[in-house]
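Down below is the structure, laid out as structure tokens.
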Amino acid sequence: MKPFYFLIACTFLLPGRLWGATITAVGSGNWSNNSVWSCNCQPTSSDNIVIPAGRTITANGPIILFLGPVINITIGGTLMLHNASLQIDANDVVNILNGGKIQGTGLTGGSVYSGTTPIFILNGNAVDGPQTITNGVLPIKLIYFRSSVVDDGISLEWASASEKDFDHYEITRSVDGKSFNSIAIIPGKAENGADYSIVDTTPSPGTNFYKLAAVDLDGSREEFQVIKEEWSRRREWITVYPNPVTDGKIHTLFSDVRTGSMRVLDCNGLVLAESALNNVVSGFLQLPENAPPGAYFILAETNGRFAQIKVIVK
């Protein structure tokens, strides 16, 4: 029996690849390039995989990691799917850390197949961390995000099929499609999904790009596709001044007599001040003395019209 046990011991001591090893990206490059991985080989469906911060791994085709034991994929850097897909088992876990992301590029972007529900990442979009994907689950399942021109500006509409562990949406706008600024924060409505709409009453002349992002209860963020709309006319029925605000006093001026209401919301959707309007041409809101500097939103609903305007408090 001694030779038998000796052979078993030697089997485990021989150099080589261990089942269920952790494979780490030691550089940036293509997934199929052995030299970017700590094992000098491509990870398989039996390996836990780590892409550390500061490293970008690009895939140009399907990454097939199903039909194996449960694995964990940890992304602190970037996994770039260029017309590519990540295919894993339903019980496998993708942990996207804060600062990490899975980005879609190319004509078809990228996709993550986990269980029966695919997650599509369009060209230029990303699933940002902190975020966890398992069994095809992300907090939001978006049905559509679209825009149209209306009298008061650009209308933005979207709908979700589910909003699991969800907190709020954020709308950002850009004039060049690259640098985006926040213009609206909208609290979530229902775990089973809901319809939403706002009107951007201050679009820039020309092309306006809009991006919709969903923020989970734990702060994780998911961004959806970018849409664009042309604006060639401006109808200002409401003016908010001063902007930025320096003394906590926010004034509104209307183009005609208005009846309705106004509210001030912080970035978490908390109402800090509100005022009723009754046949007036102007309004006034006073922020609490302890309101810190930052971005706030004025919500005005008057005469059947709705406006949401960002103001900066200094």
Side-chain angles (χ1 to χ4, degrees), residues 17-18 20-66 68 70-89 92-114 119-134 137-140 170 172 174 176-182 209 211-226:
R17 181 129 167 214
L18 295 178
T22 296
I23 309 300
T24 301
V26 294
S28 295
N30 196 281
W31 181 285
S32 61
N33 186 348
N34 291 351
S35 65
V36 305
W37 301 106
S38 57
C39 63
N40 196 32
C41 59
Q42 291 184 50
T44 72
S45 60
S46 64
D47 298 317
N48 295 313
I49 301 165
V50 179
I51 301 176
R55 309 224 169 101
T56 298
I57 300 298
T58 302
N60 299 103
I63 302 171
I64 300 175
L65 298 174
F66 53 76
V70 175
I71 63 172
N72 288 277
I73 302 174
T74 303
I75 302 174
T78 300
L79 173 59
M80 188 174 295
L81 300 176
H82 184 79
N83 302 322
S85 61
L86 173 62
Q87 301 178 25
I88 56 178
D89 289 318
D92 294 338
V93 179
V94 180
N95 291 307
I96 308 174
L97 306 180
N98 188 26
K101 62 182 177 181
I102 301 178
Q103 184 172 352
T105 63
L107 182 63
T108 60
S111 56
V112 178
Y113 287 84
S114 169
I119 299 167
F120 297 105
I121 309 170
L122 299 182
N123 179 33
N125 293 331
V127 177
D128 294 311
Q131 184 79 263
T132 299
I133 300 173
T134 185
V137 174
L138 283 171
I140 296 297
E170 181 181 22
T172 56
S174 170
D176 59 6
K178 299 177 181 179
S179 178
F180 286 82
N181 296 307
S182 178
F209 298 86
K211 184 187 294 184
L212 176 66
V215 181
D216 198 2
L217 290 172
D218 62 5
S220 58
R221 182 183 180 90
E222 180 185 1
E223 294 187 345
F224 302 101
Q225 74 267 28
V226 176

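Predicted model only: the values in this text are computed from it and were never measured.
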I'd like to know if the side chain of [X] pairs up with that of [Y] as donor and acceptor (distance under 3.5 Å, no hydrogens or angles considered).
{"X": "T105", "Y": "H82", "value": "yes"}
{"X": "N30", "Y": "N60", "value": "yes"}
{"X": "N83", "Y": "T108", "value": "yes"}

TODO: Go through the steps to decide whether L86 and V94 satisfy the test side chain to side chain contact (heavy atoms under 4.5 Å, CB included), and finish with yes or no.
DONE: CA-CA 10 Å; L86 173 62; V94 180; 4.3 Å; yes
Non-hydrogen side-chain atoms of [X] and [Y] separated by less than 4.5 Å:
{"X": "V127", "Y": "I121", "value": "yes"}
{"X": "W37", "Y": "I49", "value": "yes"}
{"X": "T24", "Y": "P52", "value": "yes"}
{"X": "W31", "Y": "P43", "value": "yes"}
{"X": "N95", "Y": "I73", "value": "no"}
{"X": "I96", "Y": "I102", "value": "yes"}
{"X": "V36", "Y": "V26", "value": "no"}

For [X] against [Y], the heavy-atom pair lying closest together:
{"X": "S38", "Y": "T22", "result": "OG-O, 4.2 Å"}
{"X": "K101", "Y": "I75", "result": "O-CG2, 3.7 Å"}
{"X": "A84", "Y": "A59", "result": "CB-O, 3.4 Å"}

Donor-acceptor contact below 3.5 Å, side chain [X] vs main chain [Y]:
{"X": "S174", "Y": "D176", "result": "yes"}
{"X": "D47", "Y": "T44", "result": "yes"}
{"X": "N48", "Y": "N72", "result": "yes"}
{"X": "R55", "Y": "A25", "result": "yes"}
{"X": "S28", "Y": "T56", "result": "yes"}
{"X": "N123", "Y": "G109", "result": "no"}

Any chance you could measure [X], atom [atom1], to [Y], atom [atom2], to the nearest 0.5 Å?
{"X": "D128", "Y": "L97", "atom1": "CG", "atom2": "CG", "answer": "12.5 Å"}
{"X": "S46", "Y": "I71", "atom1": "OG", "atom2": "CD1", "answer": "8.0 Å"}
{"X": "I51", "Y": "I23", "atom1": "CD1", "atom2": "CD1", "answer": "12.5 Å"}
{"X": "Q87", "Y": "S111", "atom1": "CD", "atom2": "OG", "answer": "7.0 Å"}

TODO: Go through the steps to decide whether Q103 and L81 satisfy the test side chain to side chain contact (heavy atoms under 4.5 Å, CB included), and finish with yes or no.
DONE: CA-CA 6 Å; Q103 184 172 352; L81 300 176; over 6 Å; no
TODO: Check step by step if side chain to side chain contact (heavy atoms under 4.5 Å, CB included) holds for F66 and D89.
DONE: CA-CA 5 Å; F66 53 76; D89 289 318; 3.0 Å; yes
- [ ] Mind running side chain to side chain contact (heavy atoms under 4.5 Å, CB included) on N181 and T172 for me, showing each step along the way?
- [x] CA-CA 5 Å; N181 296 307; T172 56; 6.0 Å; no
